[in-house]
Novice: 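Below: one structure in structure tokens.
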Amino acid sequence: MSINKTLVFGHINPDTDSIMSSLVMANLENQLGNEAKAVRLGNINKETEYVLNYLNMSAPELVSDVADGQNVILVDHNEKTQTAQNIENAVVKKVIDHHTMNFVAPYQLYYRAEPVGCTATVLYKMYKEYDVPITKNIALMMLSAIVSDTLLFKSPTTTQEDRPIAEKLAKIAEVDLTTYGTALLKAGTDLSDYTPAQVINIDSKLFEKGGKKFKIAQINTADIDGVFKDKVYFEAAINDEIKKENLDLYVFAATDILNSNSKIISLGNDSGIVEKAYGVTLDNNTALLENVVSRKKQMLPKILENLD
Ligand code: MG
Ligand code: MG
Ligand code: MG
């Protein structure tokens, strides 16, 4: 792949925001005369597949690493543990994100992170600032990302900016926001094609703090009990990964998108940390976290606070 064409990608184990924002950002760059191409760092999940099918589009090309000197734009992430291999030898031209910042580069770049619910919310504002038209398809991509990241505005990560922008996008995309959004989220709860090892990796993120390595994985469901019928298989898969990757903690969360709760499995030497972090008692490695749906805003910060 040419290193002159800038590659745009989201995080590994990509979610709908990572895929859609890559496509939307690549389009913005191209409209501004900068050659760019969206790629992805992992498998497409069922929710994202729903959007791609809706638009009759194929997924961006899969890559795992980047060439030395490759120009890249990161969307929906900034941390080294969540990006392409060899990133340290690439040239990060831009970062467009909405996560905690854990990024340094020994050169100047365009870095834009806003405390909003979705990368696509930031991209919507950039389209407006650059006066680049938002087509029907681009609108649906942005809308899908916002619905996904905010769980149709039920997540506490939702800000005042996300919903009005989503409403405008739904008009451009010519869809009913609630009908389309509900169908999209529901598509993401289908686990029928996955093995337990795949389920825990649909949306898992690796974090590091003070020599500790831990993962938080999350899936969406409308049937927590149904998911937990396979608990022993998930535990086996999680314990495998803990061993393989030398993790201190692995938290797997099944998030009930209808009732806005999450049930977790916590394993690893530091598994007990979740009791203090979330004020719960583990029962057979599991606990129900009431009113907790967001990894970014609710699950991760409490673990970081309690890790030492
Ligand atoms: Mg994401
Ligand atoms: Mg996001
Ligand atoms: Mg997410």
Side-chain angles (χ1 to χ4, degrees), residues 8-26 28 38-52 59-60 62 72-84 87 94-103 111-127 138 140-159 161-163 165-166 169 181 184-185 187-188 200-207 215-220 251-253 255 257 262 293-301:
V8 187
F9 49 86
H11 51 78
I12 57 172
N13 302 325
D15 55 11
T16 300
D17 187 23
S18 269
I19 298 296
M20 295 303 144
S21 286
S22 305
L23 291 163
V24 168
M25 183 60 186
L28 177 63
V39 294
R40 64 186 159 98
L41 302 184
N43 294 332
I44 296 291
N45 68 31
K46 296 275 179 182
E47 189 191 80
T48 309
E49 193 179 292
Y50 181 89
V51 188
L52 293 171
L62 178 68
V72 305
I73 294 176
L74 310 184
V75 295
D76 194 38
H77 74 298
N78 67 78
E79 303 204 27
K80 245 188 198 137
T81 55
Q82 297 167 13
T83 199
I87 194 74
K94 298 182 185 182
V95 178
I96 316 295
D97 196 16
H98 69 126
H99 292 88
T100 321
M101 186 177 169
N102 192 4
F103 179 93
Y111 194 105
R112 181 163 178 171
E114 295 193 28
V116 292
C118 182
T119 308
T121 302
V122 182
L123 289 172
Y124 174 90
K125 292 162 77 174
M126 290 175 68
Y127 269 68
I138 292 289
L140 194 91
M141 292 182 210
M142 291 180 178
L143 173 66
S144 303
I146 295 173
V147 166
S148 170
D149 268 13
T150 64
L151 296 177
L152 203 48
F153 319 116
K154 276 190 181 170
S155 169
T157 55
T158 312
T159 65
E161 292 193 90
D162 303 298
R163 192 177 193 136
I165 287 175
L169 290 168
L184 175 65
L185 292 180
I200 63 166
N201 276 302
I202 291 173
D203 181 8
S204 79
K205 285 187 178 174
L206 174 67
F207 302 95
K215 275 191 178 180
I216 307 177
Q218 188 174 29
I219 55 144
N220 288 345
V251 178
F252 169 76
T255 296
I257 56 171
S262 295
V293 298
S294 168
R295 171 173 46 205
K296 183 195 312 154
K297 201 157 185 165
Q298 297 173 304
M299 298 177 203
L300 174 63

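Order of appearance sets the numbers: ligands from 1, and atoms from 1 within every ligand. All of these numbers come straight from a predicted model, not from anything done at the bench.
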Novice: Mind checking whether Lys154 and Val293 have side chains closer than 4.5 Å, heavy atoms only?
Specialist: no
Novice: Could you tell me which N, O or S atom of Asp15 is nearest to the Mg ion (ligand 1)?
Specialist: OD2
Novice: Can you name the residues that form a salt bridge (charged side-chain N to carboxylate O under 4.0 Å, His left out) with Lys296, not counting sequence neighbours?
Specialist: none
Novice: Spell out, as yes or no, whether a donor-acceptor pair under 3.5 Å connects the side chain of Asp97 to the backbone of His77.
Specialist: yes
Novice: Among the N/O/S atoms of Asp17, which is closest to the Mg ion (ligand 2)? Give the atom name.
Specialist: OD2
Novice: Would you check if the side chain of Asn13 reaches a backbone N or O of Ser204 as a donor-acceptor pair within less than 3.5 Å?
Specialist: yes
Novice: Is the Mg ion (ligand 1) less than 2.8 Å from at least one N/O/S atom of His11?
Specialist: yes
Novice: Please determine whether Asp149 has a backbone or side-chain N, O or S atom lying under 2.8 Å from the Mg ion (ligand 1).
Specialist: no
Novice: Donor-acceptor check, side chain of Asn78 to backbone of Asn102, threshold 3.5 angstrom: yes or no?
Specialist: yes
Novice: Any idea which N/O/S atom from His98 gets closest to the Mg ion (ligand 2)?
Specialist: NE2
Novice: Have a look at Asp76 and say which of its N, O or S atoms is nearest the Mg ion (ligand 2).
Specialist: OD1
